[in-house]
Structure formats: structure tokens, C-alpha cells
Amino acid sequence: MAFPKPQATLRSATGIPTGRLAVWWLLASEVVIFGGVLGSYLMFRLGHPEWADAAAVTNTYIGAINTFVLLTSSFTAVLAHQAAEKGDGKKAAGFLLLTIGGALTFLMIKSYEWTTEIMHGYTITSNGFWQFYYTAAGLHALHVIAGAIIMGIVAMDAYRGRELQRVELIGIYWHFVDVVWIFLFPLLYIAK
Amino acid sequence: MAEHHDGHGQLDTKSDKGHDAHHGDAHHINYKKIYFTLLALLAVSIIGPEFGIVWVTLVTAFGIALVKTQLVVNNFMHLKWEKRIMKWVLTTSLVLMGLMMAGVSVDILNHEGNNWENVAAQAAVERGLPGHEGELAVEEETEAEPVAAAFNAPQMFGLVCASCHGTAGDGTGPAGAALTPPPANFTDPAFWATRDRARIVTVIREGAPAVGGSPLMVGWSASFTPEQIEQLADHVMSLRPGQ
């Protein structure tokens, strides 16, 4: 690095590396954001029996394929971490690229799914179910996009053997995005 | 990087699972095994609801989501080996969110209480559930308005719309038989699951492409006044099952 690192990045009062501490704090706030959206959806859904008709329209198989894609990308993310732990930056970058591939696959499937639904007239203004459907899955998709971009940056550094600890940090974030989908899947696709 | 390894060095001693072949692999987790377990659980969560039994669906869908989360959080995110303070921070976040949800739940789950009534929510349920009597009363009031006399919406529907949508509005009009996608069936509850009156008005006025539908349903704003379109929409609404 051309610049000396800020002191805080080298200090660890909690015994947790500063970067990882920051990621956990970020996730603590994400818990409230996604928990809030999903919790609200669950309560509204229980109060609106008529939403079952709308929920019956969502495509369980597309949801399942996307769950598979995200689980697989989580697997490659943890393998990237494993490689980084061993100091193999090139291998870590390779696994991160595979993870980005997973993110892009997820987004492509999601675009196809949303396009089909919107063409059939199910938009964010159709009713309460679709409002939650597009809000929750949309917020999640934004996290997928953000994660893919950051992973690209981390992968470029890791390939040159720099900042290998960041491979674990983006991994932790990515697993969280996976966990959110693990709950979105039954809520939006399975519970008809 | 240095402090990172230090942190893990400390933790490694606590998480000894017997194999030491993978030196530097922080927690000796068989990631492949975890991954295949997750896929197996995914399969169960898809197959479970196929039985159509409520408790099986709940357990396989939501119970398994919790198990999958636990597997990912512990083995992929390594929270199991993280310092206790981080577990407390995340738990606090979860608990506070849960408290807030519990606090507002009575107002969201119920649509009326001793001294209050959520009229909008009740109306949404009534609109959505076919055959509700409350909606019928509203329809009758609308029909009884004096303006209805000058322009006869059901008659106009028979003249203009029925050729495709059928006299009964069930989508079986003679001209509609060859159309792809087929004309809307206003007597189908599934159709109404995602439609409301405002949407019907928009489609009559501007045509179905305005809401992403078939270009074969053209707009009628040139033929009818906004008021007449409203009345046509009322008639279409009255075709819903149970009305």
C-alpha cells in the first residue's frame, strides 16, 4: 500500500480484527432491516387471507433454482476464504469470481422471473402481496448487486496477494445475503 | 493480515476436531459436507409442501430455513468461533427487532379492536375474497345513482365488450376464441386476485398494454366519457364470482 493504514485498522480492542468487527456491525443493522421487512410481511400475510391467491402465482421452481444458486455461491465464497487463509490469493480470487458468477446467475434468473410476472400484470401496485414481494426481493437483489461489485474489487486485490483478510469479510456478508434468501424462499414461494 | 492470523490462532485451539492435516484451514470444517447437507435440506423444503398438509409445510419450509441458517451462520460465517461480544450484538439486534414486531403485531394482525377499526384493511380483504356481502352492498349503491339511467353500462358491455369477453364476462365471446392471450375471464377468482377497480378503469380507458397486458385489448377513452368508463368498470366489477 502506498499510504500508511489508518491506525484503527491495525488496532483490535475487542480481540476481533477491525474489519470483521465492522462487517458484523453492518450485519447487525441488516438484521433489523430485513427482519423488519420479513416480519411485517408475515404479519400482514396472516391478516390478509386473500393474499394466498396472489402467492399462488409465484414460481416455486424458479425460487428453488435461485436458492440452489445462492447456496452454491456461498460454498464457493467459503472456499475462497479457505484459500485466502492458506495465503493463496490467486485461488481465492478464482473462487470469488465463481461467486460473482453465482450472483450474476441469480440476477439473470430474477430478471426473467420479474419480467414474466410484470408482463402478466403483477406489478408492485397490484396489491399488498406484490408490494412486499417486489420490495423484499428487490432490496435483497440490491444486496446481491452490491456484494458482486465489492467481491470484484476484493478479488482484484486478492489476485495480487493483497488484503487477503478481506476475502473472509466479503464472504461473511455474502453468507448473510444467502441467509436472507433462505427465509425469502419459503415466505414468498412455498407458503401458498 | 497479521492480527487476522493471530485471532484465528487463538480460536483454533478451541475448535480442535481431531484432524490436523489442513494446516491453516481455520476451523477444520468439511465445507463440502455442509454444502451437500444444505442442498439436501433444500430438496426437503421443496418436496414437503407437495403433500398439502399444513404442519408438514410449516416444518419443512420454515423449520428447515432455521436449520439451514444455523448451518450457514456457524460453518460458513464462523460465528460459532467468533468472540462472544459479536454474538451478543447480533442477538440484541434480533431481539430488539422482535420486540418492535411484537409491539405492532396486534395492530397489524387485527383489523378491528374495541375502539378502532382499520377500514382500508377490511376493505382489502373484502375485495380480495370472492363472494363477500359487504362489497355487494357498495355495488348496489353505485348502481342506484341517477346518472346510471342515461348510460346503460350492462347494455353497452353487451354491445362492445361481449364480442370478446362474452355476454356473461367469462371470456368466451365469439371474436375472442382465436385470441392469444385469451380475453380476460371476469368470473374467474384467480383473475381478481391481482386486479382492483382502479386497474379495470385504466385498462378500459387506455387499453391493456398500459398495465403490461395484451395489445388486443385497446383503449376506449375516445368512445366513452370518464364517467361512462367508471360505470363500465362498475359493471365489470359486478361480474366477479359471488357478486
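Only a predicted model underlies this, so the values are computations on that prediction, with no experimental measurement involved.
In this structure, chain B has no heavy atom under 4.5 Å from any part of A/W174. Only the side chain of B/T57 comes within contact range of chain A, with at least one heavy atom under 4.5 Å from a heavy atom of that chain. With a 4.5 Å cut-off on non-hydrogen atoms, B/Q70 does not touch chain A at all. Using a 4.5 Å cut-off between heavy atoms, A/Y173 does not touch chain B at all. Contact of B/M97 with chain A is made through the side chain alone, with heavy-atom distances under 4.5 Å. Residue contact with chain A, scored on non-hydrogen atoms closer than 4.5 Å, involves the backbone and the side chain of B/L94 alike. Contacts between A/W24 and chain B at a heavy-atom distance below 4.5 Å involve backbone atoms as well as side-chain atoms. At a 4.5 Å heavy-atom cutoff, the contact between B/A121 and chain A is made by backbone and side-chain atoms alike. Using a 4.5 Å cut-off between heavy atoms, A/Y61 contacts chain B through its side chain alone, with no backbone atom that close. Proximity to chain A is limited to the side chain of B/L42, based on heavy atoms less than 4.5 angstrom apart. With a 4.5 angstrom heavy-atom cutoff, B/A124 touches chain A via backbone and side-chain atoms both. For A/I172, the parts lying near chain B are the backbone and the side chain together; criterion is any non-hydrogen pair under 4.5 Å. At a 4.5 Å heavy-atom cutoff, the contact between B/V72 and chain A is made by side-chain atoms alone.
By the neighbour-count criterion of 12 heavy atoms within 6.0 Å, atom CH2 of B/W116 is densely surrounded, having more than that number from other residues, nucleotides or ligands. More than 12 heavy atoms of other residues, nucleotides or ligands lie within 6.0 Å of CZ in B/F62, so this atom counts as buried by the packing criterion. Within a 6.0 Å radius of CG in A/L46, more than 12 heavy atoms belonging to other residues, nucleotides or ligands are found.
Comparing A/E50, A/R45, A/M119 by heavy-atom pairs within less than 4.5 Å of chain B, the highest count is held by A/E50. Taking chain A as the reference chain and counting heavy-atom pairs below 4.5 Å, the highest number among B/N110, B/L58, B/D196, B/T69 is found for B/T69. Your options are B/I85, B/L79, B/V104, and the one with the most heavy-atom pairs under 4.5 Å with chain A is B/L79. Among B/P209, B/A208, B/A61, the residue with the largest count of heavy-atom pairs under 4.5 Å with chain A is B/A61.
Ring planes of A/H48 and B/H111: tilted class, angle from 30 to 60°.
Formation of a donor-acceptor pair under 3.5 Å by the A/D53 side chain with backbone atoms of B/T194 is not found in this model. Between the side chain of A/R20 and the backbone N or O of B/E82 there is no donor-acceptor pair closer than 3.5 Å.
Once rounded to the nearest 0.5 Å, the distance linking CD1 of B/I34 with CG of A/L71 reads 12.0 Å.
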